[in-house]
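First up is the structure itself, then whatever we jot down about it.
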Amino acid sequence: SQQGEEDPQALSIQEGENATMNCSYKTSINNLQWYRQNSGRGLVHLILIRSNEREKHSGRLRVTLDTSKKSSSLLITASRAADTASYFCATHQWNNNDMRFGAGTRLTVKP
Amino acid sequence: DAGVTQSPTHLIKTRGQQVTLRCSPKSGHDTVSWYQQALGQGPQFIFQYYEEEERQRGNFPDRFSGHQFPNYSSELNVNALLLGDSALYLCASSKDRDQPQHFGDGTRLSIL
């Protein structure tokens with residue numbers, strides 16, 4: 001069953017703008033991960049944030065985690081046309097081996 | 001350094017047939033997970049293999065089975081195929097169960 005719920009389902013912005021995607025989940029987690037998927041391809045890992053962390057950065061990516069609200073956000077700054085893809089959050093629970101993905105946010109960055 | 005490789009890339013089968021999908025993990029990875037991704041949806045966990053054993057299974061029927069070999073490569077077998085089995089099947093490998101996963105580009109399975 002799916003754990004994460006991404007919001008919005010689709011997002012369209014202009015190149016250079018920032019894109020923010022949100023993820024909510026239901027049960028306590030060990031870590032939360034964000035992945036990107038270009039059409040018809042495999043998923044690419046972007047960033048992992050552990051339950052005891054509140055914020056992580058990687059290049060133009062910024063991820064926050066609020067365990068009290070069971071939510072996370074992914075911010076992509078200064079977006080580029082190449083950022084056009086689907087973005088998924090995935091949660092890993094304690095004492096569990098599977099990762100549960102949401103349905104994703106479809107991001108379109110217009111040149 | 002080769003990443004995760006999957007074969008075949010595309011496959012067309014008819015209802016009731018059986019299929020085997022193959023996956024070679026990234027070098028140095030010993031854990032392999034399989035996912036089913038329907039069009040427009042997120043990946044759904046099928047099962048995970050570690051040390052040649054199924055370590056955990058998602059909510060999939062027994063028609064879905066797998067295997068991991070001593071070289072860590074893995075197979076996914078699906079019997080008695082249904083139309084609803086049409087999807088992209090993704091293999092992912094990692095060094096441990098809660099580490100970032102590296103995905104292959106998947107096998108697109110179409111059931112007619």
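Please read all numbers here as calculations on a predicted model, not as lab measurements. Naming convention: chains lettered A, B, ... in sequence-line order (proteins, then strands); numbering from 1 in each chain. Worth knowing before you read on, the calculation uses all heavy atoms, side chains too, and leaves out hydrogens, waters and symmetry mates.
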Checklist entry - Under 6.0 Å from the OH atom of B/Y72, do we count more than 12 heavy atoms belonging to anything else shown? => result no

Checklist entry - Does the side chain of A/Q37 come under 3.5 Å of the side chain of B/Q37 through a donor N or O and an acceptor N or O? => result yes

Checklist entry - When only pairs under 4.5 Å are counted, which of B/S33, B/G106, B/P100, B/A92 shares the most heavy-atom pairs with chain A? => result B/P100

Next on the checklist: Tell me if the CZ atom of A/R80 is crowded by more than 12 foreign heavy atoms within 6.0 Å.
Outcome noted: no

Item to check | Other residues, nucleotides, ligands: >12 heavy atoms within 6.0 Å of A/E53 CD | outcome: yes

Next on the checklist: Would the distance check show the side chain of B/D105 and the main-chain N or O of A/G42 forming a donor-acceptor pair, the cut-off being under 3.5 Å?
Outcome noted: yes

Checklist entry - Which pair of non-hydrogen atoms, one from A/F88 and one from B/G42, has the smallest distance, and what is that distance? => result CE2-CA, 3.5 Å

Checklist entry - Under 3.5 Å, side chain of A/Y35 to main-chain N/O of B/Q101, donor-acceptor pair present? => result yes

Item to check | Neighbour count >12 (heavy atoms, 6.0 Å) for atom CZ, B/R15 | outcome: no

Checklist entry - If you draw a 6.0 Å radius around NZ in B/K95, do more than 12 non-hydrogen atoms from other residues or ligands fall strictly inside? => result no

Checklist outcome for this item: Interatomic distance, CG@A/D98 vs CD1@B/I46, rounded to 0.5 Å, equals 12.0 Å

Item to check | B/Y35 OH to A/M99 CE distance, which is reported to the nearest 0.5 Å | outcome: 4.5 Å

Checklist entry - Side chain, backbone, both or neither: which part of A/L43 has a non-hydrogen atom closer than 4.5 Å to chain B? => result both

Next on the checklist: Tell me if the CG atom of B/L39 is crowded by more than 12 foreign heavy atoms within 6.0 Å.
Outcome noted: no

Checklist entry - In terms of heavy-atom proximity below 4.5 Å to chain B, should A/R106 be classed as side chain, backbone, both, or neither? => result neither

Checklist entry - Can you tell me if CZ on A/R41 sees more than 12 non-hydrogen neighbours from other groups inside 6.0 Å? => result no

